[in-house]
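Counting starts at 1 for both ligands and their atoms, following the listed order.
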Amino acid sequence: LSQDELKKIAGFKAVEFVESGMVVGLGTGSTAKHAVDRIGELLRQGILTGIVGIPTSKKTHEQALSLNIPLSDLETHPVIDLAIDGADEVDPDMNLVKGRGGSLLREKMIECVSKKFVVIVDESKLVDYIGGSGLAMPVEIVPFCWKFTAQMLQSLFKDADCVAKLRTLPESKDPYVTDNNNYIIDLYFKKSIGDLKAAGDAILRIPGVVEHGMFLDMATTLIVAGEHGVTVKKN
Ligand code: DER
């Protein structure tokens with residue numbers, strides 16, 4: 001099975017948790033895309049009714065519109081029944097890294113107020129510890145004096161041999177700009193950053209930081225699709 005086929009299996013499995021009448025947080029990324037497609041299809045078939053979607057990015061908003069999924073926002077629905085979203089890393093305690101798709105702020109705002117947060121991944125996302133993939137742990141920051149903020153972040157994690165890089169667009173090398181008109185600093189760790197909660201709180205105390213991509217103690221259900229089938233784990 002290809003990675004995208006595994007993502008589709010995980011995405012479709014998560015939609016089994018969606019009941020008619022629910023307010024559903026719609027995630028962002030290539031795995032969540034399958035879940036949103038599935039919700040649209042079940043609404044079209046009349047199997048699901050009365051769903052209100054809360055999109056976690058402009059990209060998901062566009063996808064949901066194209067599927068005629070009724071949409072609303074956090075101000076109208078400050079409590080969400082169920083959110084479905086992907087992740088970049090999942091550790092054994094269901095702590096997540098998210099944001100490599102650039103949507104971490106809106107995702108965290110929505111997934112924080114969701115009664116259930118179903119995370120959907122293919123098995124390649126499983127890590128022994130956060131940062132263990134050697135890939136980015138994103139931090140959304142304000143553009144003002146971004147180099148200063150990047151330097152503050154890098155020195156915060158010097159013991160983990162951290163490197164902080166501004167996320168840029170592939171062609172132009174201009175800074176990547178989020179849906180919220182902010183920048184993203186990608187943090188790369190060579191070692192574990194230890195106490196994740198303390199690390200997350202320290203990141204948030206840096207004034208130029210808006211939010212970080214560690215989603216700690218938030219996931220209620222983890223769906224993993226792998227070569228040997230799909231597993232569902234409750235937190
Ligand atoms: O940017 C994000 O937070 C996405 O949800 C990301 O974490 C997962 O994206 P993928 O499903 O395309 O791997």
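If you look at Val121 next to ligand 1, there are no close heavy atoms at all, none under 4.0 Å. At a heavy-atom cutoff of 4.0 Å, ligand 1 is contacted by both the backbone and the side chain of Ser30. Only the side chain of Lys7 comes within contact range of ligand 1, with a heavy atom under 4.0 Å; no backbone atom does.
With hydrogens left out, the protein atom closest to atom 11 (O) of ligand 1 is Thr31 OG1, 2.7 Å, a heavy atom. The nearest heavy-atom contact from the protein to atom 6 (C) of ligand 1 is Asp88 OD1, 3.5 Å. The protein heavy atom nearest to atom 1 (O) of ligand 1 is Gly101 N, 2.7 Å. In terms of protein heavy-atom proximity, atom 13 (O) of ligand 1 is closest to Lys125 NZ, 2.6 Å.
The closest approach between a heavy atom of Gly102 and any atom of ligand 1 is below 4.0 Å. Ligand 1 lies out of reach of Gly27, whose nearest heavy atom is not under 4.0 Å from it. Not a single heavy atom of Leu104 sits closer than 4.0 Å to an atom of ligand 1.
In this structure, Glu62 has no side chain to side chain donor-acceptor pair (under 3.5 Å) partners at least two apart in sequence or on a different chain.
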Exercise. Could you go step by step and tell me if Asp91 and Val97 meet the side chain to side chain contact (heavy atoms under 4.5 Å, CB included) rule?
Worked result: CA-CA 9 Å; Asp91 80 358; Val97 168; over 6 Å; no
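Note: Phe189 and Phe157 have perpendicular aromatic rings, judged against thresholds of 30 and 60 degrees for the angle between ring planes.
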